[in-house]
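Letters A, B, ... are given to chains in the order of the sequence lines, protein chains preceding strands, and every chain is numbered from 1. The figures here come from the full heavy-atom set of this structure, side chains too, leaving out hydrogens, waters and symmetry mates.
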Protein chains: 6
Amino acid sequence: MTIWLPTLMTATPQDGYELAVKMARVAIRMTQPDAEVRDRLRPVYAENADALIASSQVVATHFATVAAANDYWRDNR
Amino acid sequence: MTIWLPTLMTATPQDGYELAVKMARVAIRMTQPDAEVRDRLRPVYAENADALIASSQVVATHFATVAAANDYWRDNR
Amino acid sequence: MTIWLPTLMTATPQDGYELAVKMARVAIRMTQPDAEVRDRLRPVYAENADALIASSQVVATHFATVAAANDYWRDNR
Amino acid sequence: MTIWLPTLMTATPQDGYELAVKMARVAIRMTQPDAEVRDRLRPVYAENADALIASSQVVATHFATVAAANDYWRDNR
Amino acid sequence: MTIWLPTLMTATPQDGYELAVKMARVAIRMTQPDAEVRDRLRPVYAENADALIASSQVVATHFATVAAANDYWRDNR
Amino acid sequence: MTIWLPTLMTATPQDGYELAVKMARVAIRMTQPDAEVRDRLRPVYAENADALIASSQVVATHFATVAAANDYWRDNR
């Protein structure tokens, strides 16, 4: 497998948020490795309010980890 | 993409709470980039008790991160 | 908007718990600003076991934050 | 209201777990203050696997807070 | 009640994981004390993908607490 | 039982993420020990958007623990 998560460190909170979104997607890919099935499922949850909110929860959980790793980007101040 | 999350630091807990609400919304926007679809879904969850509570859970998770980043606004005392 | 969250500090754990309940409610209010709709939804989740448990989960998440902010009220000992 | 949560400190992990169960129940009571309605709902979730697991999740979240408050009862060693 | 949770300390991460599984089960037992009902419900969630994943979430939450209590077993290195 | 979790320490964040995926799977195996039943359930959640997102949430929770255990791989910098 290629390296997709070399570090949790990011330059800004926004970059950290984008990393959290990526981390949420990778778990989906690992549980359902078939890209064709994932492509079929994507519109299902992208147009479903409950699934969108649940995805947003996963992102929030990963963002908490990334933010702690970066000491909340306090040095940016 | 424009800068929407330059920092996790806020002046007060209430500002931090509003930032958490914003962070919860952005994940939705990233998973469903089509504004028209989002506009169609919004009334679905805004009038659905389960979806409202689930959204509230995402906000709570982000608020925990923002609060830690601000050292719980202890210096405000 | 009026100030509803000036601080996370509370005198006792029980006050902190009540603050957590309030914080859970505000997210609902921000997602569904129409008081009439909220009044219509309230009996739905107040009489639904799943929704009650989900609300309880949001309170638990906020309480964790409030408790950390107050250093778990250790100074009360 | 009577004092039901004077402290998060408990003598043992097991007492802490029982406190977490109590804390999970209080949120339910605050959202649905009518004891009669709660009595009606209890068998619903006590005999429903999903609701039981969801309740267990709330307890787990509160226990995390209580355990941190007690520094994981490390002094008990 | 017998002592079932005397300590959060375990010798290894794997023992900690098993403790987390046990802690998840006890909450179920406390909410539904009737063993016969629980025996009836068990196959329901053991053969239901959603319930299995939800149980797995409770275990993950308890494991986080147990791992922190053991300082992540860093002294084992 | 064989040793499947000797340590939470991993060389890189990506290895930590893979460990989190493994930890999520073990809880399923402990709740449903029958491999045949699990094999029957796997396609159910691998092709179901909600179940995929819920699995992703469990992974996120375990990853938070593994990341903290590794001090967020800060020494890798």
To the nearest 0.5 Å, tell me how far [X] [atom1] sits from [Y] [atom2].
X: Q14(E); Y: L8(F); atom1: CD; atom2: CG; result: 11.0 Å
X: M30(F); Y: Y17(E); atom1: CE; atom2: OH; result: 7.0 Å
X: D15(E); Y: I3(F); atom1: CG; atom2: CD1; result: 7.5 Å

Contacting moiety of P6(F), where chain E heavy atoms sit under 4.5 Å: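 Contact with chain E involves the backbone of P6(F) alone.
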
Residues of residues 56-63 of chain F contacting chain E, heavy-atom criterion under 4.5 Å, by residue number: Q57(F), V58(F), T61(F), H62(F)

Residue of the set I53(E), D50(E), L52(E) for which side chain to side chain contact (heavy atoms under 4.5 Å, CB included) holds with L41(F): L52(E)

Shortest non-hydrogen contact between Y72(E) and A68(F), atoms and distance: OH-CB, 3.5 Å

N48(E), part contacting chain F, at a heavy-atom distance under 4.5 Å: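 The backbone, not the side chain.
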
Structural part of R25(E) lying under 4.5 Å from a heavy atom of chain F: side chain

Contacts of R40(E) that satisfy salt bridge (charged side-chain N to carboxylate O under 4.0 Å, His left out) - sequence neighbours left out: E47(D)

